[in-house]
Structure formats: C-alpha cells, structure tokens
Novice: 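Below is a structure I'd like to ask you about.
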Amino acid sequence: MKKSRFLTLALALALLMSVTTLPAAAEEPVTLTIGVQRSSVVENWDTNLQTLKIEEICGVNLEFVEFPSSNNECMQKVDLMVVAGGDELPDVLMFNLPTSVIAKYGKAGIFVDLTDLYDGVHDKNFTEQSTKSALGKEGILKYITSPDGRIYGMPYVVDAMDNEYANNRMLIYEPWLKALDLEMPTTIDEFVEVLRAFKTQDPNGNGEADEIPILGNIANKQGNFIRPLMSPFIYTQDNYYQNVDGKIEYVANTEKWKEGLLFIRSLVDEELLSPLTFTMDFNQFKAIMTQDTVVVGVQGANSSSYMPADMERRIEYIIAAPLEGPDGTRQCTVKPQLPSTKMYITRNCQNVEKAFEVGDFLCSQLMSVWDRYGIEGVDWRYAVEGEHGAFEAAGIPTVFATLTSKWGTMQNTWWGHVGPQMLMNDFVMGVVCGPLDHFVPLGRSISPLMECANTENGVWGLIFTDEEQKIVDEYQNVLNDYVMESVGRFVTRDLSLEDDWDNYVASIDAMGLEEYLGAIQSAFDRTL
C-alpha cells in the first residue's frame, strides 16, 4: 500500500512540475491596467510577490485600479463607468460578475469576445489543467459561455471535494456514541433513538440533564439543519427546486416536504431538537459549543473549524451519516464546485492577446497554487513519507504541507483567489493535517456522503439571460425567506401543519412561483 501511495504521489508531483506553460517574455513590457476589488489581505498590489512573478514571466507591467470590496458596490461602479461611456474602464477586470451582466456587456462590445482564443494554442495552461477536471475542457467552457454562444471571460475553477458537501451535513459527537455504546444512526428511527439516548443517559457524565441532542443556528439552518433532516423525505438544495427528468419542480410545497416538517416537528415536541435553532445567531451558538462541558450531541454546522485550534473537541465531531427515510430514500445533496468567470478584457485593452496570456498563466498549476498557498519552499512544501492527509480515507493522496498560516491575514505573497484560476482536487485536498486539524474528522467520515450523493436531481450552474435574471431577482429571495420563516413556525407549532398548510401552499403560488419556475426552466433547457 505504501509503495502504491507514493507512486501516486510521485506522479502527482511530476504533473505539478510539468503542466505550467510559461509564456515568453516580451522585449518591452506591455502595460495593462487591472481592476480588482479592494482587499483586506493584500498589502500592496504593485509589490506583491505574485504580481512580480506574473510581470517577470509574461513581460508585462501591471497597474492596479481598486474597486469597492462590496460586491454590490463594485457592480454599481462598473455600471456607472459603462453608463458614462466605458472609456474609464481598466484593460482587465478580475472579479465575479453576474452571468447576465457578463452576457449584456459582452453583447454590447464592452467586454471582448474571447471565444476564438480558446484554441489549444493561446490557452495552453487552461487546456492542460482542464484535463484534471471531471468536466474536461468543453465542460468547463460550457459554464462560462453566454446565452449567445460566445465566451467573454476567463475561468475560475477551484475543485474542493469537501466544499461540495459542506452545506449538506450535520456533525455528531463521536465520544457520546462510544460512551453509550451506540452505532452511527443510518435511518430516521435509529437517529431518534440516538437522540433520546443523548437526552436521557447523561453522555457527558456530569450528573446533570443538560444535554441538547440537536442544536443549530439561524446562520446555518437552511443548509446544515434543513437539508440533512429533509433529505430522507425529499431532495433539498438551494432555492428549493429540483430536476425531475428535465422538468424543474418546486419541493417546498409538496406532501413530501410536509412529511419532513412533521418529522422535524416531532423532534421539537420531544425536546430532542432545541427551538433555539430558529433564533440563535452564530456567536451565541459558538459560545455554547465551546464552553467547558460538552452539551450538544448533533450540531448544525459544516465543521468545527470555529473552535480554538488547541481544543481537542474540534476533531471529535464527525459527519453524521445520511439518514434513510420511510420509503427507503437515502441521499445527500451535493453541490458541485462549478466554473465561474473571473476575468474580462474590456474594449479599452490595446493588446488583447497579451492580456489573455496573463489570464492563461494565472490558470497554470504554478500560479493557481501560488494564488492560494504561496511560494514552494517558503509557504508550502511537498509531503514526505509518513505524513498523512485528512482525505486519504476518501482516496485522495497526500501531496503537500503548508509551512505558513498567512491565509486570511494581511500579507504580500499572493492574491488570494483573485482572477482566473484552475486549482484541482488532486492538489487542494491532499494537504497534510496536524493532529487537531478540523479536516481530520471530516476526511475520515465523508465517505457515506459520497456514497449517497444525489447527482440526478441537482440544478446548478444556470446561465440566465437578462430577462430571466430579472424574474429570478424579483421572486427568489421572497420565496426563500417565506419558506424558511414557515419552516420555523410549522415545527414550533406557531403554524399548524394540519390547519395552515393549504394557505401556505396558496401563498407560495401567489408569490410568482409559476413565472419563477418558468425562468429557471428556460435557463436549464438552454444551459444543461
């Protein structure tokens, strides 16, 4: 096994060293103005080591124009510059924009059509990196292609298997299972029995009835609370719709949804699920989770990374297995890390091919790793024999170890996920973990989620026209807020599932559901 693992590692490292296609530096540097959002972690864009490396390799001089850090304010500034004629736009913009905006500005000629540069010659680094993605080159390009069939930007692809499941899981306290000689529950009936044991058998051993079987918070209730408890009954993803043989259907107004609510209500009635879940903010939740005595058996959070780095408890909460429902349904919602667009060349750019060359270099393995982890030998190194990564149990080889912990702090080494990038699972999930790293329990308990992943009903990566986007913007948040508010009211009996359900369904219809689903269906038919 060791020999096989290190042969795999050797191959991964060989690929890392070989995939970067370095552009030839020009005799005279080409000046490019680059629009970026104001960053709280980049000390100086001009002297940042990643900037200097790009300038050296690509033969360019990068001059940065800062846009607001707020996405809404950033979008407003772009709009104002366009309305003013567009002449003040930088040569390049490097941040996320809504797909409908990209399409609109591309069609208007504000953003340059880059379709013909994805020819295997100008995009060598992107092409090379795309071979590591399950989507492949054409699959990635599909997600950054506008409704008119043209490509007006450059891709951002960061595969991270853990993130695909992050908002679809609860965590269960493993020492309590062991203390009470309980197995990991895999059905809703087994789950209820485990919760009852947590409530009545004093698993924390302090002689007090202070255990809370399940606790969530308002920040995570839509994902790490609702989805795992609803999945035994009906598929549940962002925005409460699903794909059923090509037809988009709403789930939060169905009898299966009602059945799930009845189950969750029974947990509240039996005092197994704390009603604080519907009112407690994350800071209050954190205070309970990090107090001296463990009192929570199942937490509605995607990891324990919020706990102090030296707290042993952060590796004792493992992923709760997906639960089988009354009809045998056992599934997990998986949200693929789909490509987005994160660089656009504007009509003001005098050297489009050179700007594209910079974007393609950012897609290389060298720059993609640098942009997230920094410099080899300084900020990270390759793994050595005997070191283990958190996700080895899920089949991910151990590849590298971090040497510094600059992420999230002010530094001048890397940009931090700015601009195009192609960072693949084979690297990012292969990080060496310390003994108290919060990834350790996730890596060894994620396999049941992977085995139960529902990839048939998901609706992800839709590219909307301007008209479709207007409809989605008008109805989506209103519907989402109403569904979430109603969940809390139904399961705490502020509303009656017996008497108020029909009115709830009628209210959803009256909120523009038909027109909303029509826009989703239209985008789905065209995109997927």
Side-chain angles (χ1 to χ4, degrees), residues 20-24 26 30-36 54 57-60 62 65 67 75 78 81-82 86-87 89-131 133 135-158 338-364 367-368 371 415 417-423 461 463-466 526-527:
T20 302
T21 302
L22 302 180
V30 173
T31 296
L32 295 172
T33 53
I34 309 292
V36 295
I54 295 167
I57 297 299
C58 295
V60 292
L62 303 183
V65 179
F67 283 67
M75 183 68 252
V78 172
M81 295 174 85
V82 171
D87 294 339
L89 284 168
D91 297 325
V92 172
L93 299 178
M94 286 191 182
F95 39 73
N96 284 121
L97 291 173
T99 56
S100 59
V101 172
I102 298 169
K104 178 175 69 175
Y105 288 160
K107 191 173 182 179
I110 302 296
F111 294 161
V112 177
D113 180 0
L114 305 177
T115 310
D116 292 341
L117 293 177
Y118 288 97
D119 57 5
V121 178
H122 293 87
D123 62 342
K124 289 180 179 178
N125 285 300
F126 164 68
T127 299
E128 190 71 42
Q129 286 293 88
S130 68
T131 63
S133 169
L135 292 171
K137 179 176 179 177
E138 294 307 313
I140 292 172
L141 291 179
K142 177 179 70 173
Y143 285 101
I144 65 170
T145 299
S146 289
D148 63 2
R150 312 306 293 173
I151 304 173
Y152 298 109
M154 302 197 73
Y156 175 84
V157 183
V158 177
L338 295 175
S340 59
T341 308
K342 219 168 183 180
M343 172 175 162
Y344 325 90
I345 301 174
T346 75
R347 69 184 184 193
N348 297 330
C349 182
Q350 299 299 305
N351 195 328
V352 171
E353 287 196 10
K354 177 58 71 173
F356 190 89
E357 184 181 283
V358 170
D360 185 58
F361 183 49
L362 284 167
C363 288
S364 70
M367 278 293 101
S368 294
D371 193 16
W415 290 0
H417 291 319
V418 171
Q421 192 172 19
M422 296 283 288
L423 192 57
I463 298 174
F464 297 107
T465 64
D466 196 36
R526 183 183 58 255
T527 306

Novice: When you compare the side chain of Met81 with that of Pro90, does any pair of heavy atoms fall below 4.5 Å?
Specialist: yes
Novice: Between Cys349 and Asp91, what is the shortest heavy-atom contact and its length?
Specialist: CA-OD1, 3.5 Å
Novice: Any idea which heavy atoms bring Tyr143 and Gly461 closest together, and the distance?
Specialist: CD2-O, 3.6 Å
Novice: Mind checking what makes salt bridge (Lys or Arg N to Asp or Glu O under 4.0 Å) contact with Lys137, not counting sequence neighbours?
Specialist: Asp123
Novice: Do Pro420 and Met343 come within less than 4.5 Å of each other through their side chains, counting heavy atoms only?
Specialist: yes
Novice: Can you sort out the partners of Phe67 under ring pair (Phe, Tyr, Trp, His ring centres under 6.0 Å), two or more places apart, ordered by chain and number?
Specialist: Phe95
Novice: Are there over 12 heavy-atom neighbours, none belonging to Lys142, within less than 6.0 Å of that residue's NZ?
Specialist: yes
Novice: Which atom pair, heavy atoms only, marks the closest approach of Pro339 to Leu135?
Specialist: CD-CD1, 3.6 Å
Novice: Please report the interatomic distance OG(Ser364) to CG(Asp371), rounded to the nearest 0.5 Å.
Specialist: 10.0 Å
Novice: For Leu141 and Phe126, what are the C-alpha separation, side-chain angles and deciding distance, and is it a side-chain contact (heavy atoms from CB on, under 4.5 Å)?
Specialist: CA-CA 10 Å; Leu141 291 179; Phe126 164 68; 3.8 Å; yes
Novice: Indicate yes or no for a side-chain donor-acceptor contact from Gln350 to the backbone of Asn348 under 3.5 Å, with no hydrogens or angles considered.
Specialist: yes
Novice: What is the distance from atom OG1 of Thr145 to atom CD of Glu138, rounded to the nearest 0.5 Å?
Specialist: 8.5 Å
Novice: When you compare the side chains of Asp360 and Asn125, does any donor N or O come within less than 3.5 Å of an acceptor on the partner?
Specialist: yes
Novice: Yes or no on side-chain contact (heavy atoms from CB on, under 4.5 Å) for Lys342 and Leu93, after CA distance, side-chain angles and deciding distance?
Specialist: CA-CA 8 Å; Lys342 219 168 183 180; Leu93 299 178; over 6 Å; no
Novice: With a 4.5 Å limit on heavy-atom distance, are the side chains of Met75 and Pro98 in contact?
Specialist: yes
Novice: Can you find a heavy atom in the side chain of Asn96 that is under 4.5 Å from one in the side chain of Ser340?
Specialist: yes
Novice: Using a 4.5 Å cut-off on heavy atoms from C-beta on, say whether the side chain of Ser146 contacts that of Ile102.
Specialist: yes
Novice: Heavy atoms only: give me the nearest Met94-Val92 pair and the separation to one decimal.
Specialist: CG-CG1, 3.9 Å
Novice: Out of the candidates Val30, Ile54, Thr33, Thr31, only one should pair with Leu62 under the side-chain contact (heavy atoms from CB on, under 4.5 Å) rule; please name it.
Specialist: Ile54
Novice: Does any part of the side chain of Tyr105, heavy atoms only, come nearer than 4.5 Å to the side chain of Val78, both counted from C-beta?
Specialist: yes
Novice: Find the distance between OG (Ser100) and NZ (Lys104) and round it off to the nearest 0.5 Å.
Specialist: 7.0 Å
Novice: Identify all side-chain donor-acceptor contacts of residues 109-120 below 3.5 Å with residues at least two apart in sequence or on another chain.
Specialist:
residue : atom : partner : partner atom : Å
Asp113  : OD1  : Thr115  : N            : 3.0
Asp113  : OD1  : Thr115  : OG1          : 2.5
Asp113  : OD2  : Arg150  : NE           : 2.7
Asp113  : OD2  : Arg150  : NH2          : 3.0
Thr115  : OG1  : Ile151  : N            : 2.9
Tyr118  : OH   : Gly153  : O            : 2.6
Asp119  : OD1  : Val121  : N            : 2.9
Asp119  : OD1  : His122  : N            : 2.8
Asp119  : OD1  : His122  : ND1          : 3.4
Asp119  : OD2  : His122  : ND1          : 2.8

Novice: Atom CD1 of Ile144 and atom OG1 of Thr341: how far apart are they, to the nearest 0.5 Å?
Specialist: 5.0 Å
Novice: Looking at CE of Met154 and CD of Gln421, how far apart are the two atoms once the value is rounded to the nearest 0.5 Å?
Specialist: 13.0 Å
Novice: Any side-chain heavy-atom pair from Val82 and Leu89 closer than 4.5 angstrom?
Specialist: yes
Novice: Look up atom NZ in Lys124 and atom CZ in Phe361, then write down how far apart they are to the nearest 0.5 Å.
Specialist: 14.5 Å
Novice: Testing the basics here: between Ile140 and Ser130, what is the closest heavy-atom pair and its distance to 0.1 Å?
Specialist: CD1-CB, 3.9 Å
Novice: Closest approach of Ser368 and Met422, non-hydrogen atoms and distance?
Specialist: OG-N, 2.9 Å
